[in-house]
Amino acid sequence: QVQLVESGGGSVQAGGSLRLSCAASGYIDSAFNMGWFRQAPGKEREGVAATYTGTINTLYADSVKGRFTISHDNAKNTVYLQMNSLKPEDTAMYYCAAVLLWDGGSWLDPDGYSYWGEGTQVTVSS
């Protein structure tokens, strides 16, 4: 089992920045995939950014490229999402997710992940 705890959400004005953190604990003995997802009211959950902790490889949704940055600190088993130039349409509940053994497909597909945090709310006002 893997436990994920997000933090860092909040309310900001458009153009502002936030940094989300996701701390992983539990049975983790090797590199694994982690991703950030978001879900706005009435919308499906969508992938925002993803990474593999064994490399520097990352993947971003087109809507956040150039504004969001995903990174990881393996010593802390923590993944971060730095969000800059925030827009009102970025408002959503943000979730981190992890999977220990990737089974193929896009890293931004939520169906590929086994473990989920409870989410942290991000609200961007205009």
Side-chain angles (χ1 to χ4, degrees):
Q1 279 290 79
V2 175
Q3 294 78 42
L4 303 173
V5 178
E6 303 101 333
S7 61
S11 298
V12 295
Q13 291 192 324
S17 299
L18 284 172
R19 189 175 84 151
L20 306 183
S21 300
C22 176
S25 61
Y27 183 69
I28 301 171
D29 64 351
S30 62
F32 56 101
N33 287 82
M34 288 191 76
W36 284 99
F37 298 80
R38 65 187 181 187
Q39 188 166 20
K43 294 188 176 182
E44 292 187 354
R45 188 169 297 188
E46 62 171 348
V48 174
T51 187
Y52 177 64
T53 61
T55 71
I56 61 172
N57 292 346
T58 58
L59 183 65
Y60 296 94
D62 289 342
S63 58
V64 306
K65 279 181 183 177
R67 301 189 298 122
F68 290 12
T69 302
I70 188 171
S71 61
H72 52 84
D73 183 337
N74 291 346
K76 298 180 179 180
N77 274 339
T78 299
V79 173
Y80 305 96
L81 185 68
Q82 177 66 43
M83 305 185 294
N84 298 328
S85 302
L86 283 161
K87 305 175 181 180
E89 51 263 44
D90 294 318
T91 295
M93 184 71 79
Y94 283 70
Y95 301 88
C96 71
V99 61
L100 300 183
L101 184 60
W102 191 253
D103 197 28
S106 171
W107 285 2
L108 296 180
D109 182 356
D111 290 340
Y113 291 81
S114 304
Y115 304 100
W116 291 84
E118 294 191 351
T120 185
Q121 178 68 38
V122 171
T123 302
V124 185
S125 58
S126 58

Side-chain (E6) to main-chain (G119) donor-acceptor, under 3.5 angstrom: yes
Do you know the tightest heavy-atom contact between A14 and S126? CB-CA, 4.3 Å
Minimum heavy-atom separation for P110 and W116, please, with both atom names. O-CZ2, 3.4 Å
On a heavy-atom basis, the closest approach of A92 and A40 is CB-N, 3.9 Å
Hey, quick one: are V2 and L81 part of the same hydrophobic cluster, counting side-chain heavy atoms closer than 4.5 Å, chains of contacts allowed? yes
Just wondering, do T91 and R38 contact through their side chains at under 4.5 Å, heavy atoms? no
Do you reckon Y52 sits in the same ILVMFWY cluster as L100, going by side-chain contacts under 4.5 Å, direct or chained? no
Backbone N/O of L108 and side chain of Y113: donor-acceptor pair under 3.5 Å: no
Are L4 and W107 linked, directly or through other ILVMFWY residues, by side chains that come within less than 4.5 angstrom of each other? no
If you measure from CG on L18 to CD on Q82, what distance do you get to the nearest 0.5 Å? 8.5 Å
Main-chain N/O of I56 paired to H72 side chain as donor or acceptor, under 3.5 Å: no
C22 and W36: which non-hydrogen atoms are nearest, and at how many Å? CB-CZ2, 3.6 Å
Spell out, as yes or no, whether a donor-acceptor pair under 3.5 Å connects the side chain of N74 to the backbone of T53. yes
Got a second to check how far K43's NZ is from M93's CE, nearest 0.5 Å? 15.5 Å
Roughly how far, to the nearest 0.5 Å, is the NZ atom of K76 from the OG atom of S25? 15.0 Å
Reported OH-to-OG1 distance for the pair Y95 and T120, which is rounded to 0.5 angstrom: 10.0 Å
Distance from Y80 atom OH to D73 atom CG, nearest 0.5 Å? 5.0 Å
Are L20 and Y60 joined in one hydrophobic group, where the rule is that I, L, V, M, F, W and Y side chains link up if heavy atoms are under 4.5 Å apart? yes
Please round to the nearest 0.5 Å and tell me the distance separating atom CZ of F32 and atom CE of M34. 5.0 Å
Side chain T51, main chain N57, donor-acceptor under 3.5 Å: yes
Less than 6.0 angstrom from the centroid, inside 45 degrees of the normal: does R45 satisfy that with respect to the ring of F37? no
Show the numbers, then the answer: is there a salt bridge (charged side-chain N to carboxylate O under 4.0 Å, His left out) between K87 and D90? CA-CA 5 Å; K87 305 175 181 180; D90 294 318; over 6 Å; no
Joint cluster assignment, I70 & V99, ILVMFWY side-chain distance < 4.5 Å: no
Minimum heavy-atom separation for S17 and N84, please, with both atom names. OG-OD1, 2.9 Å
Heavy-atom closest contact (A61 atom, G47 atom, distance): CB-O, 3.4 Å
